[in-house]
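To keep things clear, I will list the structure first and then write my remarks on it.
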Amino acid sequence: QVQLVESGGGLVQAGGSLRLSCAASGRTFSRHIMGWFRQAPGNEREFVATINWSGGNTDYAGPVKGRFTISRDNAKNTVYLQMNSLKPEDTAVYYCAGSTKGWLLKNSYEYNYWGQGTQVTVSS
């Protein structure tokens, strides 16, 4: 069993940056594919970024490509999402997710574990 706890959300002006962290419990973190999703009010949860076990492979949703960077530190059982050049449309609750199967996963149903979410609000 893996438990995920996100942190680092907050209020930022457009053009600013935030770094989200997701701390994982459990000894098998390094074997998990990890991902970030987000959900804005009235919208479905959408894929943001994913990273493989070693951190050597990543993939991003189109709207965040070039602005967001996903990374992981397996020694610290933590995955990060560095968000730069933030826009008001990035406002959402951001969720960390983990999966024991697959490669770079873009669908929420492919993930076994979820955090509780952290709010990111970008003002214009």
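The figures that follow rest on heavy atoms only: side chains count, while hydrogens, waters and symmetry mates do not. Starting from 1, each residue takes its place in the sequence as its number.
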Closest non-hydrogen atom pair, L4 against Y113: CD1-O, 3.7 Å
Any side-chain heavy-atom pair of L86 and L18 under 4.5 Å: yes
NE2-CG distance between H32 and N52, expressed to the nearest 0.5 angstrom: 14.0 Å
Sole residue of Y111, Y60, W36 in side-chain hydrogen bond (donor to acceptor under 3.5 Å, both in side chains) with T50: Y111
Value rounded to 0.5 Å, distance of CD in E89 from CZ in R38: 8.0 Å
Value rounded to 0.5 Å, distance of CG in N112 from NZ in K101: 7.5 Å
Distance-minimising heavy-atom pair for N107 and F37: C-CZ, 3.9 Å
ILVMFWY network linking Y80 to L20, side-chain heavy atoms under 4.5 angstrom: no
Side-chain donor or acceptor of T91 paired with backbone N/O of T121 under 3.5 Å: no
More than 12 heavy atoms from other groups under 6.0 Å of CD on Q119: yes
Closest heavy-atom pair and its distance - Y95, G115: CD2-O, 3.7 Å
Cluster overlap L105 with M34, hydrophobic side-chain contacts below 4.5 Å: no
Separation between CD of Q13 and OG of S124, rounded to the nearest 0.5 Å: 9.5 Å
Same cluster (ILVMFWY, side-chain, under 4.5 Å), F47 and L104: yes
Same apolar cluster: V122 and L11, side chain cutoff 4.5 Å: no
Nearest atoms (heavy-atom pairs only) where C96 meets V79: SG-CG1, 3.7 Å
Side chains of M83 and V120 in contact at under 4.5 Å (non-hydrogen atoms): yes
Test item: Q82 side-chain N/O and T69 main-chain N/O as donor-acceptor pair under 3.5 Å: no
E46 side chain reached by Q39 side chain, heavy atoms, under 4.5 Å: no
S54 OG to R72 CZ distance, which is reported to the nearest 0.5 Å: 8.0 Å
Non-hydrogen side-chain atoms of L81 and V48 separated by less than 4.5 Å: yes
Residue from T78, N74, D73 passing side chain to side chain contact (heavy atoms under 4.5 Å, CB included) with F29: N74
Least distance between heavy atoms, D90 atom then R67 atom: OD2-NH1, 2.7 Å
Side-chain donor or acceptor of E6 paired with backbone N/O of Q116 under 3.5 Å: yes
R45 to W114 six-membered ring, cation-pi geometry met (6.0 Å, 45°): yes
Verify same cluster id: F68, V93 (apolar side-chain graph, 4.5 Å): no
Main-chain N/O of S17 paired with N84 side-chain donor or acceptor, under 3.5 Å: no
Heavy-atom closest contact (S71 atom, I51 atom, distance): CA-CD1, 3.6 Å
